Amino acid sequence: MSTASDTAHDAAEAPGPGRGTGDGEEKLPLFALLALATAVFITSLTETLPAGLLPEMSRDLGVSESATGQTVTVYAVGTALTAIPLTAATSSWRRKKLLLTAVAGFALANTVTAVSSLYGLTMVARFVAGVAAGLAWALLAGYARRMAPVHLQGKAMAVAMAGIPVALSLGVPAGTFLGDWLGWRAAFASMTALTVVLFAWILAVVPDFPGQPRGERPELLRTLRVPGVTPVLFVTLVFVLAHTILYAYIATFLDDVGMGGSTGLVLLVFGGASLLSIWIVGAQINRRLRLLTVGGAVLVAVAAALLAVLSDSTALVYVAVVLWGLGWGGVPTLLQTAVGDAGGDHADAAQAMLVTLWNAAMAGGGIVGGVLLDALGSESFPWTVGLLLLPVIAVILYARHAGFPARRPGATASASRVSPVRPSGRPRPDTCS
């Protein structure tokens, strides 16, 4: 997940893509945003690819499936431990330089994973990939926001974050099919090849922006006292934990309900529903942030209930997966937007904490899922997901005034065209007509 450390220091030296050029025309720089979406795709797919390859990786590395599931955990640990310190240490770097550094890190880590035959070396490579993700997530959402006028920032973030459901809908199933065909190592090698292409793409089309002036650092403790920030962070931690418990071990769960040969197809259905979800969120987030967040949590809870009691029906498993994807797909965009808006002048620190908690939850999901698998079996996963989502829904409903309001503050198109204002109420330094 990403921080919006860039949003506080938009470039003032040029209008920039999507800002307009004085003729009243304001458009999204789609080709540059699609490069960011591809970076999100690589980040998300690198993190979740083992979910579709767990049995094959387990056999090849000579460890149990629960141990192999920790390749997801160690990736998330790498991100959670490094997101805030790396964001602070590199805050003055030019944004394009930082993004290219992160992309290079993914190329290295995925190459080592593809050739490693040692479990320990594979875990080290996965940790390095997580560190690269900490760098990437520290700027991707903010990068997307800086490319767009304020009334299009929600759509810009939705385009960039579309890489997440695309990774789930196409990437993980494709990696699973490729793993079945050529072996799991080929799936990771293909990630390296895609990363090399992305590196050249970023060099060619993505604009550069300055980092923060030296000496400016997030004020984390003060940020927690800002109304609305803590509820969003709580929802992030518990929602992501619930999702990861099931998703990290989806291949094992399906195998135990007699659908082991359908993992790729199930993930394809899940990702397709996620794509539809993020399209809906991108179109409605400014006016219906609260409703979309509540709806997402409820849909995932209903999906978990179906999987808990009706997993013996193949058709109902697919229904549950569709509901799961519809509920989950837009969650990254919703939570990043909510915490950025709630944080106001402290949006940078709020986003940094969201990144850390998101990846701590990913790591926790891998660990808790492994414990549940060994102790109670995979049938315990959906029950656990459902129980965890009850407080999530309660907090979203409670935080109706600060955290999850019905409408985003300052996001109307008319206001932004007359006097561009950032969600926190601060004037934009690069105001243009």
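Here the structure is a predicted model, which is why all the values come from computation and not from measurement.
- Between Ile250 and Trp324, the closest side-chain pair of non-hydrogen atoms falls below 4.5 Å.
- With sequence neighbours excluded, the residues forming a salt bridge (charged side-chain N to carboxylate O under 4.0 Å, His left out) with Arg185 are Asp60, listed by chain and number.
- Separating the CD atom in Glu56 from the CH2 atom in Trp184 is a distance of 10.5 Å, to the nearest 0.5 Å.
- Of the possible polar contacts, none joining the Ser380 side chain to the Leu376 backbone as a donor-acceptor pair under 3.5 Å is found.
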Test side chain to side chain contact (heavy atoms under 4.5 Å, CB included) applied to Tyr249 and Leu254, step by step: CA-CA 9 Å; Tyr249 296 92; Leu254 292 173; over 6 Å; no
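- Residues Gly370 and Gln70 share a closest heavy-atom pair of CA-NE2, 4.4 Å.
- In this structure, Thr79 contributes its side chain and Val131 its backbone to no donor-acceptor pair below 3.5 Å.
- Asp208 CG to Leu98 CG: the interatomic distance, rounded to the nearest 0.5 Å, is 10.5 Å.
- Contact of the Arg400 side chain with the Pro405 side chain is not registered, since no non-hydrogen atoms from C-beta on lie closer than 4.5 Å.
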Stepwise side chain to side chain contact (heavy atoms under 4.5 Å, CB included) test for Phe404 and Leu397: CA-CA 8 Å; Phe404 298 100; Leu397 292 173; over 6 Å; no
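- A donor-acceptor distance shorter than 3.5 angstrom exists from the side chain of Thr71 to the backbone of Thr68, with no hydrogens or angles considered.
- A distance of 9.5 Å separates CZ in Phe199 from CG in Leu99, rounded to the nearest 0.5 Å.
- Using modelled atom types, no side-chain atom of Ser277 and backbone atom of Ala273 make a donor-acceptor pair closer than 3.5 Å.
- Counting only residues at least two apart or in different chains, side-chain hydrogen bond (donor to acceptor under 3.5 Å, both in side chains) contacts with residues 121-133 comprise Ser116-Thr122.
- The side-chain heavy atoms of Phe239 and Trp328, taken from C-beta on, include a pair separated by under 4.5 Å.
- Between His243 and Tyr247, the two ring planes are parallel [angle under 30°; tilted spans 30° to 60°].
- For the residue pair Thr192 / Asn110, no side-chain donor-acceptor distance below 3.5 Å is found, with atom types taken as modelled.
- The two residues Pro207 and Tyr143 come nearest to each other via the heavy atoms O-OH, 2.6 Å.
- Under the 4.5 Å side-chain criterion, counting only non-hydrogen atoms from C-beta, Tyr75 is not in contact with Pro50.
- Crowding of Trp201 atom CH2: a count of heavy atoms from other residues, nucleotides or ligands under 6.0 Å exceeding 12.
- Ala297 and Val392 make their closest contact through CB-CG1, 4.1 Å (heavy atoms, listed as atom of the first residue, atom of the second, distance).
- Summarising the geometry, atom CD1 belonging to Ile280 is positioned 12.5 Å from atom OG1 belonging to Thr333; distances are rounded to the nearest 0.5 Å.
- Rounding to the nearest 0.5 angstrom, the gap separating the CG atom in Leu335 from the CG atom in Leu233 is 9.5 Å.
- For Asp255, there are no salt bridge (charged side-chain N to carboxylate O under 4.0 Å, His left out) partners at least two apart in sequence or on another chain.
- For the side-chain contact (heavy atoms from CB on, under 4.5 Å) with Trp383, the lone residue among Leu307, Val309, Leu372, Leu388 that qualifies is Val309.
- Taking the side chain as every heavy atom from C-beta outward, Ile396 and Val235 approach each other to under 4.5 Å.
- Without hydrogens or angle criteria, Arg95 side chain to Trp93 main chain gives a donor-acceptor distance under 3.5 Å.
- Contact detail for Ala39 and Leu198: the closest heavy-atom pair is CA-CD2, 3.6 Å.
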Intermediate values then yes/no, side chain to side chain contact (heavy atoms under 4.5 Å, CB included), Leu373 and Phe253: CA-CA 9 Å; Leu373 179 61; Phe253 177 82; over 6 Å; no
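- Between Met353 and Trp358, every side-chain heavy-atom pair lies at or beyond the 4.5 Å cut-off.
- Residues Pro391 and Phe234 come closest through the heavy atom pair O-CE2, 4.0 Å.
- Between Thr113 and Met191, every side-chain heavy-atom pair lies at or beyond the 4.5 Å cut-off.
- The minimum heavy-atom distance between Ser58 and Ser64, with the atom names listed, is OG-C, 3.3 Å.
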Pair Thr236-Val339, side chain to side chain contact (heavy atoms under 4.5 Å, CB included): steps then yes or no: CA-CA 10 Å; Thr236 298; Val339 83; over 6 Å; no
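- For the atom pair Phe41 CZ and Thr43 OG1, the distance stands at 10.5 Å (nearest 0.5 Å).
- Thr195 contributes no side-chain N or O that, together with a main-chain N or O of Ala107, makes up a donor-acceptor pair within less than 3.5 Å.
- Looking only at distances, no side-chain donor or acceptor of Lys96 sits under 3.5 Å from a matching main-chain atom of Phe209.
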